[in-house]
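Order of the sequence lines sets the chain letters (A, B, ...), proteins ahead of strands, with each chain counted from 1.
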Amino acid sequence: MGLKIYSTLTRSKEPFETIESGKVRMYVCGPTVYDKAHMGHAMSSVVFDVIRRYLEFSGYQVTHAMNYTDVDDKVIERANEIGVDPIALAEKYIHEYDRHLRDLNVMPPSVKPRASEEIDQIVQMVQALEEKGYAYEVEGNVYFRVAKDENYGKLSGRRLEDMRAGFRIDVDERKEDPADFALWKAAKPGEPAWESPWGKGRPGWHIECSAMNMHYFGDQIDIHGGGNDLVFPHHENEIAQTECLTGKEFSRYWVHNGMMRLAGADMSKSTGNVFDIDVFLQDHDADVFRLLVLNSHYRNPLTFNEDVIQQATRAVERLRGALRPASPTPGKHDEAETELVAHVENGRKGFRESMDDDFNTPGALGSIFELVRAINQARDLGVSEVALSAAQDALLELTSVLGLRLAEMRDRVGDAAPFIELLIDLRTELREQKNWELADNIRQSLADLGVLLDDGKEGTTWRAQ
RNA sequence: GGCGACGUAGCCAAGUGGUAAGGCAAGGGUCUGCAAAACCCCCAUUCGCGGGUUCAAUUCCCGCCGUCGCCUCCA
């Protein structure tokens, strides 16, 4: 029972088979860098990060490309508004986005191409399309001849006639067909422009992705991803350009994540701009966002509001709580330890089965939480440190496939452990003397430093918050 | 108008042709100097509404209602 992935192209789950055995070429559309990134971008990044991590966990060698669209109408428009150079503006937001990816614990893409750095490749591609009759030039603009592509519309399920019917009157009169789209745009004054066979100009939106794919991966890739808002026209046009040129299937799987929904009245502007990645991460742990995202299937719309943030925060605490050490005075519990081993196996199995089913992360989390309960039960029973930490290692492994960093805090205070334990011993003596006030002071002071004490029947344990 | 999704407990959310994972919240209990955590119990005879197919549907089909996305440059 191997991995299955839902492809937008076939609208069904397909067994995952790569072009090259054991290797995955994955291209994900990144942001147009004209403004601060929002939580929707973060969602998409996390979704594809988890897909990548799971593929690697499954033994694939993944090359992950993510582009930055830095030459674009919106970038130019914004740059002109504030009077800066468009490329410089894009550069600023690219830096910012890279930082967000780090903060969100998104594995760095293998390559991060930018439109402005792929001009040669783009020009070559447009030329080739022109030679094959799929493109035509009008006054320095080059358009893709949609009517010549008999498969046009196959990804989004649209028919040309339907689309033409919807066009308004303000279409570019120079196009042969209102549905044709720009491959190359003639430069207007004040815009970034490059030399080309058609005069000075810049690439259209869709061609950059086709060109980058060809540059870094060749004619075919395994996975092409992005938000489902890109299905049309962006990905539809990418397919058209690339497949008309190569005559081969462009991408084996088209993977699209659902949109984030900010709908609920509880999260309007009045709540503040919780939508910016920046702002969110100031107040919340990246793990919280990840859990929130992974708690629903990537293709479905994601509910995002204060309620679910709270719920995710508590859930992350529960996950971390499972990493608390074993009871200081373990007993002999062979049966319980055997059972714990079985739970670990079930957890792993359930996790894989869910993830193999089109990256069903909510199902995978279900298995993880079942493992959490088993670990907590075993600890309460008093199983040995060895048995418990084996299960905890499994928990850490599975959650790390989801990109969660449960152990981070624990690791961070790791060096302080001997001192914390010293304080615990001291406090235990104070408690034996019924000096509650001092004992509580120590507990509170440690809590302020992010170290929580748990007084159990068998003694006191601690955990990092 | 065209194309496409979605509607499961108070909230978030999986899932299956044979009667509903998981998380959060609420309630009861165990433990505890107190607290927190943890553990146990409890929490949808029911999966938007109305038909149909079937021995059996939340799961398949049809219709309706509702929410949402895309329809030329938004992840």
- request: For each nucleotide in nucleotides 32-37 of chain B, reading 5' to 3', give B when a protein heavy atom comes within less than 4.0 Å of its base, S when such contact involves only the sugar-phosphate, and - otherwise.
  value: -BBBBS

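- Partners of A:E317 by side-chain contact (heavy atoms from CB on, under 4.5 Å), not counting sequence neighbours, listed by chain and number: A:T313, A:R314.
- Residue A:T303 has a polar side-chain atom (N or O) positioned under 4.0 Å from OP1 or OP2 of B:A13.
- The same atom, C1', is picked in B:G10 and in B:G51; the two are 31 Å apart, to the nearest Å.
- If you take atom P in B:A57 and the same atom in B:U19, they sit 12 Å apart, rounded to whole Å.
- Contact annotation: A:K74 side-chain N/O to B:C73 OP1/OP2 distance is not under 4.0 Å.
- For B:C11, its base sits under 3.5 Å from the side chain of A:Q311 at one donor and acceptor pair at least.
- Distance from the side chain of A:D229 is smallest to B:C74 among B:C68, B:C74, B:G22.
- For A:N295 and B:C12, a side-chain-to-base donor-acceptor distance below 3.5 Å is present, hydrogens and geometry of angles not being considered.
- Taking a pair to require two hydrogen-bonding distances under 3.5 Å in either a Watson-Crick or a G-U wobble arrangement, B:G69 pairs with B:C3.
- Cation-pi geometry between A:K13 and A:Y6 is not satisfied (NZ or CZ under 6.0 Å from the ring centre, within 45° of the ring normal).
- Below the 3.5 angstrom threshold, one finds a donor paired with an acceptor across the side chain of A:R158 and the base of B:C70.
- Base-pair partner of B:C42: not found among the strands shown (Watson-Crick or G-U wobble, both distances under 3.5 Å).
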